[in-house]
Amino acid sequence: MIKRLTYHFLPLVFIACFALPARGQDSTVTADSLAVLEKKADSIFLHHSPRTAAIRSAILPGWGQAYNKKYWKIPIVYAALGTSGGIFAYNVTWYRRFRDAYRILYEKDTANFDQIHSRLQSYVRFNDQPGLRYNRDEFRRNVDYSIVAFVLLWGLNVVDATVDAHLKSFDVSPDLSLRIVPGYSEMAQTNGVSLVISLK
């Protein structure tokens with residue numbers, strides 16, 4: 001019974017200690033300090049517009065990241081878009097090869113058999129029209145998927161620039177501090193610890 005009470009009572013005491021302010025510490029935020037923070041956020045917001053970052057990223061990928069001074073993100077943006085663009089080009093190339101080979105074989109255009117890509121000549125030898133048609137359709141689907149991936153990555157580039165611009169007004173300076181301070185609680189007549197937020 002005592003063990004059960006201990007297990008239930010100790011967490012409550014611990015929570016109460018954190019909730020009570022430390023003795024001699026003023027944990028309240030003054031109106032002046034809040035006004036200073038708001039003024040600082042407003043000035044950053046006015047001089048650094050999320051809308052501008054979004055428009056620039058929509059026009060040219062990476063431009064919004066440069067506007068936010070997050071230059072290290074620009075290679076990542078171009079690597080992502082370049083990869084999806086390369087996959088798109090690969091799929092388009094092979095789609096056209098399979099499409100042309102299928103058309104030539106379907107129409108029995110023997111004069112143009114030598115124009116079929118060397119890796120597809122086996123389809124011609126075995127008159128494998130279903131295989132050509134299947135691969136043509138598969139690459140056509142992959143072309144669509146790579147276009148969707150490219151558009152989504154471009155959109156993510158815009159979202160990233162916009163969110164970064166919004167977070168410019170988020171104060172993470174050393175003027176903000178969170179400390180754990182031991183203290184005495186007048187109400188509970190016991191010693192404890194408090195979490196104290198200080199605005200300098």
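All values derive from a computational prediction rather than experimental measurement. The figures here come from the full heavy-atom set of this structure, side chains too, leaving out hydrogens, waters and symmetry mates. Count residues from 1 along the sequence.
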Do [X] and [Y] touch side chain to side chain, with heavy atoms closer than 4.5 Å?
X	Y	value
Leu120	Arg97	yes
Asn127	Gln129	yes
Arg119	Trp94	yes
Phe98	Tyr134	no
Ile116	Ile104	yes
Val143	Arg140	yes

> Take atom OH in Tyr78; do more than 12 heavy atoms of anything else shown fall under 6.0 Å from it?
Replying inline: yes
>> Does atom CZ (Phe113) have a neighbourhood of more than 12 heavy atoms from anything else shown, all under 6.0 Å?
In response: yes
Rounded to the nearest 0.5 Å, how far apart are [atom1] of [X] and [atom2] of [Y]?
X	Y	atom1	atom2	value
Arg103	Leu132	CZ	CG	12.0 Å
Thr52	Trp63	OG1	CH2	9.5 Å
Leu105	Thr110	CG	OG1	11.0 Å
Asp128	Tyr102	CG	OH	11.0 Å

> Linking I/L/V/M/F/W/Y whenever their side-chain heavy atoms sit closer than 4.5 Å, directly or via other members, would Val151 and Leu60 fall into one cluster?
Replying inline: no
> Any chance the side chains of Gln65 and Asp160 put a donor and an acceptor closer than 3.5 Å?
Replying inline: yes
>> Under a 3.5 Å threshold, yes or no: a donor from one side chain and an acceptor from the other, between Asn112 and Gln115?
In response: yes
> What are the two closest heavy atoms between Ser84 and Ser146, and how far apart are they?
Replying inline: O-CB, 4.2 Å
> Which atoms form the tightest heavy-atom contact between Ile74 and Ala66, and what is the distance?
Replying inline: CD1-CB, 3.9 Å
> Asn135 and Tyr123: side-chain hydrogen bond (donor to acceptor under 3.5 Å, both in side chains), yes or no, with the steps?
Replying inline: CA-CA 11 Å; Asn135 283 287; Tyr123 290 94; 3.2 Å; yes
> When Pro50 is tested against each of Thr162, Asp164, Asn68, Val163 for side-chain contact (heavy atoms from CB on, under 4.5 Å), which residue passes?
Replying inline: Thr162
>> Under 4.5 Å side-chain heavy-atom separation, chaining through any Ile, Leu, Val, Met, Phe, Trp or Tyr, what else clusters with Phe150? Say none if it is isolated.
In response: Val77, Leu81, Leu153, Trp154, Leu156, Val158
>> Connecting only ILVMFWY residues whose side-chain heavy atoms lie within less than 4.5 Å of each other, what is the rest of Leu152's hydrophobic cluster?
In response: Val148
> Given Ser57 and Tyr67, is the side-chain contact (heavy atoms from CB on, under 4.5 Å) satisfied, shown in steps?
Replying inline: CA-CA 9 Å; Ser57 276; Tyr67 175 71; over 6 Å; no
